[in-house]
Amino acid sequence: MRENPSLSPSAVEASREVRAVISRLRRRILKASESEDMTLGQASVLTRLADKGGVTASELATSEGVRHQSMTATVAALATLGLVERTPDPDDGRRLLIKLTAEGRRRVEKGRQARTEWLAGRLQDRCTEEERRNVIAAMAVLERLTHD
């Protein structure tokens, strides 16, 4: 694939580096909170449910980028673990809404805490104060890129 000639070499290199590091960092952060009885996909669904009220399996499938049948299997496994519950939609009794149980919410919070502690520990143990400040400054730059 040819690169756009109007892009500076430093912009292209920065793009490659940011994407590679973010990809590796995301996988490592997720691994820090891995639970032996759940897949990463199931953990992702739990986290998504924590940020929403009741949603349908179709809505979850769309937001996770998977087929409806795959999401139905994921939700069934999470229900078996007692982490989600399915209740009839008050607006359309043919649909089921999926939401976290109290145990599901506890697991999400435990996972978030584990991920935060892992990354904060790495930043503390492997970086100087100046490097941590540089990370904070770099995050402000990257955040700016997310706004249109």
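Computed over heavy atoms, backbone and side chain alike; hydrogens, waters and symmetry mates excluded.
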Side chain to side chain contact (heavy atoms under 4.5 Å, CB included) involving Thr101 - partner list, sequence neighbours excluded: Glu85, Glu103

Cluster overlap Val141 with Val18, hydrophobic side-chain contacts below 4.5 Å: no

Common cluster, Leu46/Leu40, ILVMFWY with side-chain heavy-atom separation under 4.5 Å: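 Cluster IDs for Leu46 and Leu40 differ.
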
Check against side-chain contact (heavy atoms from CB on, under 4.5 Å), Arg115 and Thr47: CA-CA 12 Å; Arg115 292 186 299 274; Thr47 300; 4.3 Å; yes

So do the side chains of [X] and [Y] get within less than 4.5 Å of each other, counting heavy atoms only?
X	Y	answer
Thr146	Leu142	no
Lys31	Trp118	no
Leu30	Ser44	no

Crowding at CD, Glu13 (>12 non-hydrogen neighbours, <6.0 Å):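 12 or below, so no.
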
Qualifying residues under salt bridge (charged side-chain N to carboxylate O under 4.0 Å, His left out), relative to Asp51, sequence neighbours excluded: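 Asp51 satisfies salt bridge (charged side-chain N to carboxylate O under 4.0 Å, His left out) with Arg112 once adjacent residues are dropped.
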
Quick check: closest heavy atoms across [X] and [Y], and the distance to 0.1 Å?
X	Y	value
Ala114	Ala32	CB-O, 4.0 Å
Pro90	Leu97	CD-CD1, 3.9 Å
Asn4	Ser6	OD1-OG, 2.7 Å

Criterion side-chain contact (heavy atoms from CB on, under 4.5 Å) on Leu60 and Val66, from CA distance to verdict: CA-CA 8 Å; Leu60 278 174; Val66 299; over 6 Å; no

Spacing of CG belonging to Leu96 relative to CG belonging to Asp89, to within rounding of 0.5 Å: 8.5 Å

Residue list, side chain to side chain donor-acceptor pair (under 3.5 Å) with Asp125, at least two apart or on another chain: none

Any pair counted as salt bridge (Lys or Arg N to Asp or Glu O under 4.0 Å), so long as it reaches residues 127-136, sequence neighbours left out: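 Counting only pairs at least two positions apart or across chains, the salt bridge (Lys or Arg N to Asp or Glu O under 4.0 Å) contacts touching residues 127-136 are Glu129-Arg132, Glu129-Arg133.
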
Pairs satisfying salt bridge (Lys or Arg N to Asp or Glu O under 4.0 Å), at least one member in residues 58-71, at least two apart: Arg48-Glu64

side-chain contact (heavy atoms from CB on, under 4.5 Å) between Leu119 and Leu25, intermediate numbers included: CA-CA 9 Å; Leu119 186 53; Leu25 184 59; 4.2 Å; yes

Side-chain donor or acceptor of Ser23 paired with backbone N/O of Ala20 under 3.5 Å: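 Side chain of Ser23 to backbone of Ala20, a donor-acceptor pair under 3.5 Å: no, none is there.
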
Between Ser8 and Ser10: side-chain donor-acceptor atoms closer than 3.5 Å: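 Per modelled atom types, Ser8 and Ser10 side chains form a pair under 3.5 Å.
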
Test side-chain contact (heavy atoms from CB on, under 4.5 Å) applied to Met38 and Leu83, step by step: CA-CA 11 Å; Met38 265 195 307; Leu83 303 175; 3.9 Å; yes

Side-chain polar contacts of residues 71-81 - donor-acceptor pairs under 3.5 angstrom, sequence neighbours left out - could you list them?
unit_1 : atom_1 : unit_2 : atom_2 : d
Thr72  : OG1    : His68  : O      : 3.0
Thr74  : OG1    : Ser70  : O      : 3.1
Thr80  : OG1    : Ala76  : O      : 3.0

